[in-house]
Number of protein chains: 2
Amino acid sequence: MIAKKQHPLVESFVDRLEAGGHRVTGARWAVARAVARQRGHFAADALAQELPGVGRATVFRNIKLMVEMGFVCRVLLGDGRLRYQISHRGHHHHLICSDCGRSEDLLGCDLDSILQDRAADHDFAMEGHWLEVYGRCRACRPQEAAA
Amino acid sequence: MIAKKQHPLVESFVDRLEAGGHRVTGARWAVARAVARQRGHFAADALAQELPGVGRATVFRNIKLMVEMGFVCRVLLGDGRLRYQISHRGHHHHLICSDCGRSEDLLGCDLDSILQDRAADHDFAMEGHWLEVYGRCRACRPQEAAA
DNA sequence: GATACTCGCGATACCAAGTATCATTATGAT
DNA sequence: ATCATAATGATACTTGGTATCGCGAGTATC
């Protein structure tokens with residue numbers, strides 16, 4: 001155990017590790033703390049570079065673990081690249097600015113029943129969906145001409 | 001020009017090439033015909049392997065061209081892999097069976113206004129969205145117990 | 001049909017993101 | 001303190017795609 005008060009994300013991750021019978025290692029503290037430091041989305045490789053003391057493979061392994069545990073989610077950028085991002089638990093989507101790349105969570109998805117019906121029309125039993133919304137945030141928009 | 005009657009996809013692609021001042025080359029015929037042969041989604045590399053006479057880079061270049069022209073679209077599989085697929089023109093989504101991987105087009109997207117509103121709540125001007133729906137097709141579903 | 005201009009091709013090398021392998025080490029249970 | 005083994009780090013590999021560049025094939029012009 002490390003002394004100082006940690007970011008809540010780090011603490012919950014460690015709790016989940018202990019609860020799940022995973023070992024709490026130095027590398028895991030380091031990765032969790034690095035993830036907690038991120039603002040917005042980040043690439044796994046970039047995170048690895050922030051952690052010269054931790055092997056690249058280990059960074060990838062632990063990000064994957066955090067994705068599986070729901071602490072981190074994947075974000076699909078407009079150009080098709082995949083990034084990671086601290087996740088609100090539960091189902092949600094992202095609003096991604098196509099200019100500055102900033103991404104915001106879109107909580108409370110109400111598409112499920114709509115899509116369920118559409119899927120049923122095709123004789124599919126819907127199990128889930130993935131949605132990313134692209135747009136331009138206030139800061140990246142030329143001041144719209146008011147009336 | 002090649003003699004035989006071609007698949008409509010191939011013909012429209014060639015038309016668009018000519019219209020856009022692109023050259024109509026042997027490699028482009030080959031790629032277009034190979035794409036037209038595909039059922040469901042396919043990987044660019046797999047297509048390249050079907051075309052030993054055509055360079056890998058050329059296959060990728062021409063798939064990209066067909067994506068830009070709207071003849072082919074990208075499909076995001078449940079596990080995060082990207083595939084290509086013959087596209088219905090215009091905005092649409094996919095219904096992907098998480099069991100057999102089969103994908104069907106979901107035409108007529110009516111989410112735009114909903115999402116536009118949700119984005120506006122976050123002070124974003126929505127420009128587009130990407131949606132994939134995952135489920136289980138009739139064939140991959142254990143016969144549901146009728147009442 | 002011959003000429004020339006240049007786009008597109010193929011080979012190759014490269015890149016980015018992620019996974020497999022495996023000997024070594026540190027963790028947590030006893 | 002000991003021990004079994006999960007996790008690590010180094011490295012090689014894989015997958016999917018892009019950049020480079022000399023060469024050859026398309027197309028327009030004569």
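Chain naming here is simple, since letters A, B, ... match the order of the sequence lines and numbering starts at 1 in each.
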Engineer: On DNA chain C, nearest-nucleotide positions of B:Gly21 versus B:Ala57: which is more 5'?
Structural biologist: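 First, find each residue's nearest nucleotide; the 5'-ward one identifies B:Gly21.
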Engineer: Think B:Asn62 has a side-chain N or O under 4.0 angstrom from the OP1 or OP2 of C:dG8?
Structural biologist: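 Looking at the OP1 and OP2 atoms of C:dG8, neither is under 4.0 Å from any side-chain N or O of B:Asn62.
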Engineer: Charged N to carboxylate O below 4.0 Å: is that the case for B:Arg102 and B:Glu104?
Structural biologist: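 Counted as a salt bridge, because a side-chain N and a carboxylate O are separated by less than 4.0 Å.
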Engineer: Looking across every strand, which nucleic acid part, if any, lies under 4.0 Å from B:Gly53 by heavy atom: base, sugar-phosphate, or nothing?
Structural biologist: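 Here B:Gly53 touches the backbone only, sparing every base.
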Engineer: Could you state the atom-to-atom distance from CG of B:Leu82 to P of C:dG18 in whole Å?
Structural biologist: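 Between P of C:dG18 and CG of B:Leu82: 13 Å.
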Engineer: Side chain of B:Ser12, backbone of B:Pro8: donor and acceptor closer than 3.5 Å?
Structural biologist: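 Yes, the answer is positive, given that a donor and an acceptor are paired below the 3.5 Å cut-off.
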Engineer: Ignoring backbone atoms, establish whether A:Thr25 has a side-chain N or O less than 4.0 Å from OP1 or OP2 of D:dT8.
Structural biologist: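 Yes, such a contact exists.
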Engineer: Could you state the atom-to-atom distance from CZ of B:Phe42 to P of D:dG16 in whole Å?
Structural biologist: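 So the two atoms are 13 Å apart, to the nearest Å.
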Engineer: Expressed as a whole number of angstroms, how long is the span from A:Leu17:CG to C:dA29:P?
Structural biologist: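 After rounding, the gap between these two atoms is 13 Å.
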Engineer: Within this structure, what is the CZ-to-P distance between B:Phe60 and C:dG10, rounded to whole angstrom?
Structural biologist: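 Roughly 14 Å, once rounded to whole Å.
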Engineer: Tell me if the centroids of the rings in A:His91 and A:His129 come within less than 6.0 Å of each other.
Structural biologist: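 Ring centres of A:His129 and A:His91 closer than 6.0 Å.
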Engineer: Closer to the 5' end of DNA chain D via nearest nucleotide, is it A:Val54 or B:Val24?
Structural biologist: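 Comparing both residues, the 5'-ward one is A:Val54.
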Engineer: Scan A:Arg83 against the nucleic acid and name what it touches under 4.0 Å (heavy atoms): base, sugar-phosphate only, or nothing.
Structural biologist: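 The answer is sugar-phosphate, as A:Arg83 gets under 4.0 Å only of primed atoms, P, OP1 or OP2.
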Engineer: Calculate the interatomic distance between A:Glu18 atom CD and C:dT27 atom P; express it in whole Å.
Structural biologist: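 Atom CD in A:Glu18 sits about 13 Å away from atom P in C:dT27.
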Engineer: Check the distance between D:dT8's P and A:Lys64's NZ and give it to me in whole angstrom.
Structural biologist: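 Between P of D:dT8 and NZ of A:Lys64: 14 Å.
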Engineer: Can you tell me which residue among A:Val133, A:Asp110, A:Leu95 is in a side chain to side chain contact (heavy atoms under 4.5 Å, CB included) with B:Arg118?
Structural biologist: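 Single side chain to side chain contact (heavy atoms under 4.5 Å, CB included) partner of B:Arg118 among A:Val133, A:Asp110, A:Leu95: A:Asp110.
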Engineer: From the set D:dT27, D:dG17, C:dG18, return the single nucleotide nearest to any side-chain atom of B:Tyr84.
Structural biologist: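 Closest nucleotide to the B:Tyr84 side chain: D:dG17.
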Engineer: What is the distance, to the nearest angstrom, from the CZ atom on B:Arg23 to the P atom on D:dT27?
Structural biologist: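 Rounded to whole Å, this separation is 7 Å.
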Engineer: Nearest-nucleotide wise, let me know which of B:Arg61 and B:Arg81 is further upstream toward the 5' end of DNA chain D.
Structural biologist: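 Nearest-nucleotide comparison on DNA chain D picks B:Arg81.
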Engineer: Would A:Phe13 and A:Met66 count as a side chain to side chain contact (heavy atoms under 4.5 Å, CB included) here? Give the steps.
Structural biologist: CA-CA 8 Å; A:Phe13 178 50; A:Met66 296 184 81; 3.6 Å; yes
Engineer: Using a heavy-atom cut-off of 4.0 Å across all strands, would you classify B:Arg28 as base, sugar-phosphate, or nothing?
Structural biologist: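 Sugar-phosphate: the residue B:Arg28, judged by heavy atoms under 4.0 Å, touches backbone atoms but no base.
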Engineer: Between C:dA17 atom P and A:Arg56 atom CZ, what is the distance in whole Å?
Structural biologist: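 So the CZ-P distance, A:Arg56 to C:dA17, works out to 9 Å.
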